[in-house]
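In what follows, every chain begins at residue 1, and chains take the letters A, B, ... in the order their sequences are listed.
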Number of protein chains: 2
Amino acid sequence: MKTKNKILKAIQDFVDDYGYPPSIREIAKKIHLKSTKAVKVHLDNLASEGLIERVSGQARGIRIKPKSIPIVGRVTAGLPELAFEEVEGSFTISQWRDCFLLKVKGNSMINAHIYDGDMVVVKPARNALDNEIIVANVGDETTIKRLRRIGKELVLQPENDTYPIIREAFEVIGKVIGVIRKL
Amino acid sequence: MKTKNKILKAIQDFVDDYGYPPSIREIAKKIHLKSTKAVKVHLDNLASEGLIERVSGQARGIRIKPKSIPIVGRVTAGLPELAFEEVEGSFTISQWRDCFLLKVKGNSMINAHIYDGDMVVVKPARNALDNEIIVANVGDETTIKRLRRIGKELVLQPENDTYPIIREAFEVIGKVIGVIRKL
DNA sequence: ATGATATGTAAACAAATGTTTACATATTCA
DNA sequence: TGAATATGTAAACATTTGTTTACATATCAT
């Protein structure tokens, strides 16, 4: 493996293990170089290729990309050398900043493909629009339902025909913006 | 807001903005303290409370918890002051280390509640067990199906009765370990 | 084989950065 | 009100850390 790629991997591993970036001397030690000059040259090259960002003159002034997962449309090769096509972006947790996950209990939302055991991603909000799927408190019960306006009345509508519409007073907690299911 | 909480927030914001932790002097500047001693005392207190971790004597040796989203069973209060009960852990992206997301196209897996437009979380693997949902290449098509053994033959079974079983040769790319849907 | 370029070493230096000491001020409690 | 404790300031010092200079070695192209 080329030194440059060794250095990039060393940085990524260090951030994973320690939670902050390595110093130039720590990188040198890890990949068995004796001089900080050599490491500096490689870091500057990695920066010019856009693989890292450098902040000159600052201790540990190396920024790597935040952890993310690639989103792909097609895989052209499997292990040991994965290859993707139609890479459509990457997934990071920061898109759900300030959100929380709510465990789904029950089958009241199955027509919206939200099933018992799923987790919904909830963006806290005080209000929501007609037809949005929301998290609300009814009394001291937390529930997931579709917000519907019937005349001037706002109600909570299950997405399962066997469940009744909820007409009691409720407090909007947030909007459902995603679903996560583990298999 | 107490100085200690200001410091904690300053660190979190700095890591978000810069991608690495602040120095003691940078924290001091941010919260308008003039001495590094005062910041050091607060940092040591935060560390003793387990809110951060300190690495003594190292530049920027402050570790905060990786970004995560709380998983809750119930919400007891909404905005402006969210309160949770039945907190069941937190969600981080690191559980899907080395995985990728594959966009779902088509309705072949709807009996498994995997719908067109979803993204499946794929853990790369060369093999899989009978009955697992996998990602496979058939020719140069990437597909999601359930792996089934019929006699000695391995086939790819759709989870939609209107689709045919695939008996052609295929290559296992990985196992589906989760589903993500954005609303 | 030779010259050009890339990569690495060694050392010095400058700056960044954390810790410590001595003291001042603010807050809390009896 | 006074003592104890918490919090902050200033400055010095030690260590960490990045950059630079001068040079050596390895690799590549002609």
Side-chain angles (χ1 to χ4, degrees), chain A residues 1-68 81 94, chain B residues 1-68 81 94:
Chain A
M1 192 195 266
K2 297 189 63 171
T3 304
K4 202 171 53 179
N5 288 337
K6 279 181 179 175
I7 288 183
L8 186 54
K9 187 178 187 317
I11 297 170
Q12 287 162 344
D13 290 347
F14 193 99
V15 171
D16 280 347
D17 293 343
Y18 294 95
Y20 52 83
S23 66
I24 290 176
R25 283 174 176 79
E26 282 163 340
I27 294 170
K29 193 173 185 179
K30 189 72 130 190
I31 65 167
H32 309 299
L33 289 183
K34 285 191 167 111
S35 76
T36 52
K37 172 63 188 286
V39 177
K40 179 183 184 323
V41 167
H42 285 295
L43 289 178
D44 290 338
N45 284 339
L46 287 165
S48 71
E49 289 176 36
L51 297 171
I52 64 170
E53 283 168 53
R54 290 264 273 144
V55 184
S56 182
Q58 279 209 326
R60 305 177 189 274
I62 299 170
R63 187 158 44 242
I64 59 174
K65 289 178 171 29
K67 191 160 299 183
S68 70
E81 214 63 44
S94 58
Chain B
M1 192 195 265
K2 299 190 61 169
T3 305
K4 202 172 52 181
N5 288 338
K6 280 183 180 176
I7 289 182
L8 186 55
K9 188 177 186 320
I11 297 168
Q12 287 162 343
D13 290 347
F14 195 99
V15 171
D16 280 348
D17 293 342
Y18 294 95
Y20 52 81
S23 66
I24 290 178
R25 283 173 176 80
E26 283 163 339
I27 295 170
K29 193 173 183 178
K30 189 71 128 191
I31 65 166
H32 309 300
L33 290 184
K34 286 190 167 116
S35 75
T36 52
K37 171 62 189 284
V39 177
K40 178 183 186 321
V41 166
H42 286 296
L43 289 177
D44 290 340
N45 284 338
L46 286 165
S48 71
E49 288 176 36
L51 296 172
I52 64 169
E53 283 167 52
R54 289 264 274 146
V55 185
S56 181
Q58 279 208 325
R60 304 176 190 277
I62 299 171
R63 185 158 47 242
I64 60 173
K65 289 177 170 34
K67 193 162 300 188
S68 70
E81 214 61 43
S94 57

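If you check every strand for non-hydrogen atoms under 4.0 Å, A/Ser23 touches sugar and phosphate atoms only. Residue-level contact check: A/Lys40 touches the bases, meaning some heavy atom is under 4.0 Å from a base atom.
When distances are taken from the side chain of B/Arg54 to each of C/dT19, D/dG8, D/dT19, the shortest belongs to C/dT19. Minimum atom distance to the side chain of B/Ser56 is reached by C/dT19, of the listed D/dT19, C/dT19, D/dA10. With C/dA10, C/dT7, D/dT19 as the choices, the nucleotide that has an atom nearest any side-chain atom of A/Ser35 turns out to be C/dA10. Closest to the side chain of B/Ala59, out of C/dA11, C/dT17, D/dG18, is C/dT17. The side chain of A/Lys37 approaches D/dT20 more closely than any other nucleotide in the set D/dG8, D/dT19, D/dT20.
At D/dG8, one or more side-chain N or O atoms of B/His42 fall inside 4.0 Å of OP1 or OP2 (strictly under the cut-off). Side-chain N/O atoms of A/Thr3 include one lying less than 4.0 angstrom from OP1 or OP2 on C/dG8.
B/Gln58 places its CD atom 14 Å from the C1' atom of C/dA16, with the value rounded to the nearest Å. One interatomic measurement links the two molecules: CG of A/Leu43 to P of D/dT20, which rounds to 14 Å at whole-angstrom precision. Atom pair A/Ile24:CD1 and C/dA15:P shows a separation of 16 Å (rounding to whole Å applied). We find that CD of A/Glu26 is positioned 10 Å from P of D/dT16, with the value rounded to whole Å. When rounded to the nearest whole Å, the span between CG of B/Asn45 and C1' of D/dG8 equals 13 Å. Put simply, CZ on A/Arg25 is 15 Å from P on C/dC13, counting in whole angstrom units. A straight line from CD1 of B/Ile62 to C1' of C/dG18 spans 10 Å, rounded to a whole angstrom. Rounded to whole angstrom, the span from the OH atom of A/Tyr20 across to the P atom of D/dT17 amounts to 8 Å.
Without hydrogens or angle criteria, B/Arg25 side chain to B/Thr36 main chain gives no donor-acceptor distance under 3.5 Å.
B/Arg54 contributes atom CZ, which lies 10.5 Å from atom CG of B/Asn45 (distance to the nearest 0.5 angstrom). To the nearest 0.5 angstrom, A/Lys2 atom NZ is 9.0 Å from A/His42 atom NE2.
Place B/Lys2 and B/Thr36 on DNA chain D by their nearest nucleotides, and B/Lys2 ends up nearer the 5' end.
In this structure, A/Val55 and B/Tyr20 have side chains that are in contact, with non-hydrogen atoms separated by less than 4.5 Å.
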- Task: Apply side chain to side chain contact (heavy atoms under 4.5 Å, CB included) to B/Lys30 and B/Phe14, showing your working.
- Result: CA-CA 10 Å; B/Lys30 189 71 128 191; B/Phe14 195 99; 5.6 Å; no
